[in-house]
Amino acid sequence: MTTTAPGTAPARSLPLFPLGSVADPAPERGVSCPGELPPASDPSLVERARAARAALGDRAFILGHHYQRDEVIQFADVTGDSFKLAREAAARPTAEYVVFCGVHFMAESADILTASHQRVVLPDLAAGCSMADMADIEQVEECWETLEDLGIAGDVIPVTYMNSSADIKAFTGRHGGTVCTSSNAGRAVRWALEQGSKVLFLPDQHLGRNTAVRDLGMDLSDCVVWDPHAPGGGLSGQALRSATMILWRGHCSVHGRFTADSVAEVRARIPGVTVLVHPECRHEVVLAADEIGSTEKIIKRITAAPSGSAWAIGTELNLVRRLAAQNPDKSVAFLDRTVCYCSTMNRIDLPHLVWALESLVAGTVVNQITVDPATAQQARAALDQMLALP
Ligand code: 13P
Ligand code: SF4
């Protein structure tokens, strides 16, 4: 699904934070190092990035996800959660290059949503997402066959989280479903249940469960979990027939580390604290928290909070640190001090950004992300359905 311009590979494939960071992708996406990556110690990196950015002008548009490092986010033309970034990518038909500072599935979605003359660049190809890697298309097709054999596939509408490969989005489009993000999952599942009587929710079981219970008022017993590594998903035909939500057994390796104990501990440590968590957290964490929201919502909530208020945030550390620095009149703490960065988001650093931008200035498109046209067409149907949600 992904191609790289000849001879232009990511220069570093080892995690930048081998200690205390989580969520390296399972498959190796990178190849060998061409030796062109500037050293992180180069004192002129910021200058070089500025000069390359200025030289590219309107030909390039840089998108930055909220989990990116400060050294990278300072060069983003737009920052956002995955929903906002997908919309922004679709809204820039004149930019020749869309440089995506985020992870692989986001860049794939940008390629699907942009015109064919636009090139999407991911500065380090090893920036994947462990959750997206937890559902591959063969496993999902196998699950669908089981539903067909049971005679219930016609009742099921697939809803896939943005954090999934283009293949999975194409599967969703083929079967009349929709993509969702953490900011519109409630609307997406509600829409799906108007089209059918069951939802196959891929690949984040926690977002699916939290959405079913919190947004749609379902009972936990309305949800079953399909285990792609167990025969028949580890579920009986009866369980699949009676479930409303069939949740894929995937999760985020970063958010999955927060626990209900993290919430109890922070409440004891910071009296009066409001606990705000991302919906990729486990259900018991969401139940114990006060509020829940996508990265964009978390930022808006903290920015609008009164001076002197105290917050504990359960999401990725780069974002929480930035929020703390930008809101010195409030107390902004990380929900659990043992949870760290998303290491794959962290792979995009200043040397990789400088390398990608300078290569574009020199006329070489490095680390281009392309989705084949047939897959892109079906995936686009599911993405368009998301963008059209009421
Ligand atoms: P948002 O859509 O809330 O930015 O989340 C994306 C993501 O990968 C969270 O782990
Ligand atoms: Fe994937 Fe989790 Fe990292 Fe988000 S934080 S990109 S879901 S591994």
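Fair warning: this is a prediction, and the values are worked out from it, not measured in the lab. First listed ligand is number 1; within each ligand, the first listed atom is number 1.
Between R257 and D336, none of the side-chain N atoms (NZ, or NE/NH1/NH2) sits under 4.0 Å from a carboxylate O, so this pair counts as no salt bridge. Between D290 and R267, at least one side-chain N (NZ, or NE/NH1/NH2) sits under 4.0 Å from a carboxylate O, which counts as a salt bridge. Checked for salt-bridge contact, D42 and R48 meet the test: a charged N lies under 4.0 Å from a carboxylate O. In this structure, D204 does not pair ionically with R249, as no charged nitrogen and carboxylate oxygen lie closer than 4.0 Å.
No side-chain N or O of T172 forms a donor-acceptor pair with one of T160 less than 3.5 Å apart. In the model, S221 has a side-chain atom that pairs as donor or acceptor with a side-chain atom of D219 under 3.5 Å.
Looking only at side-chain heavy atoms (C-beta outward), F61 and V99 stay at 4.5 Å or farther from each other.
Backbone and side-chain nitrogen or oxygen atoms of S82 are examined, and one is located within less than 3.5 angstrom of a nitrogen or oxygen of ligand 1.
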Derivation and outcome, side-chain hydrogen bond (donor to acceptor under 3.5 Å, both in side chains), residues E36 and W355 = CA-CA 7 Å; E36 297 155 356; W355 174 66; 2.9 Å; yes
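Here C129 fails the criterion, with no N, O or S atom under 2.8 Å of atom 2 (Fe) of ligand 2. Using a cut-off of 2.8 Å, one finds that C342 contributes an N/O/S atom close to atom 3 (Fe) of ligand 2.
The closest approach between any non-hydrogen atom of T181 and ligand 1 is not below 4.0 Å.
Taking every heavy atom of S294 and a limit of under 4.0 angstrom, the matching atoms of ligand 1 come to 3 (O).
Heavy atoms from both the backbone and the side chain of T295 come within less than 4.0 Å of ligand 1. With a 4.0 Å heavy-atom cut-off, ligand 2 is reached by no atom of E316. At a heavy-atom cutoff of 4.0 Å, ligand 1 is contacted by no atom of T315, backbone or side chain. Of the heavy atoms in H65, only side-chain atoms (C-beta onward) come closer than 4.0 Å to ligand 1. The side chain of H255, and not its backbone, has at least one atom closer than 4.0 Å to an atom of ligand 1 (non-hydrogen atoms only; side chain from C-beta on). The proximity of H278 to ligand 1, defined as any non-hydrogen pair under 4.0 Å, is limited to the side chain. Contact annotation for E280 and ligand 1: only side-chain heavy atoms (C-beta onward) come within less than 4.0 Å of the ligand.
Among protein heavy atoms, the minimum distance from atom 8 (O) of ligand 1 is reached at N163 ND2, 3.1 Å.
For the side chain to side chain contact (heavy atoms under 4.5 Å, CB included) with F75, the qualifying choice from L357, V354, V46 is V46, the only one to do so.
With T315, N163, D133 as candidates, the residue nearest to atom 7 (S) of ligand 2 on a non-hydrogen basis is N163.
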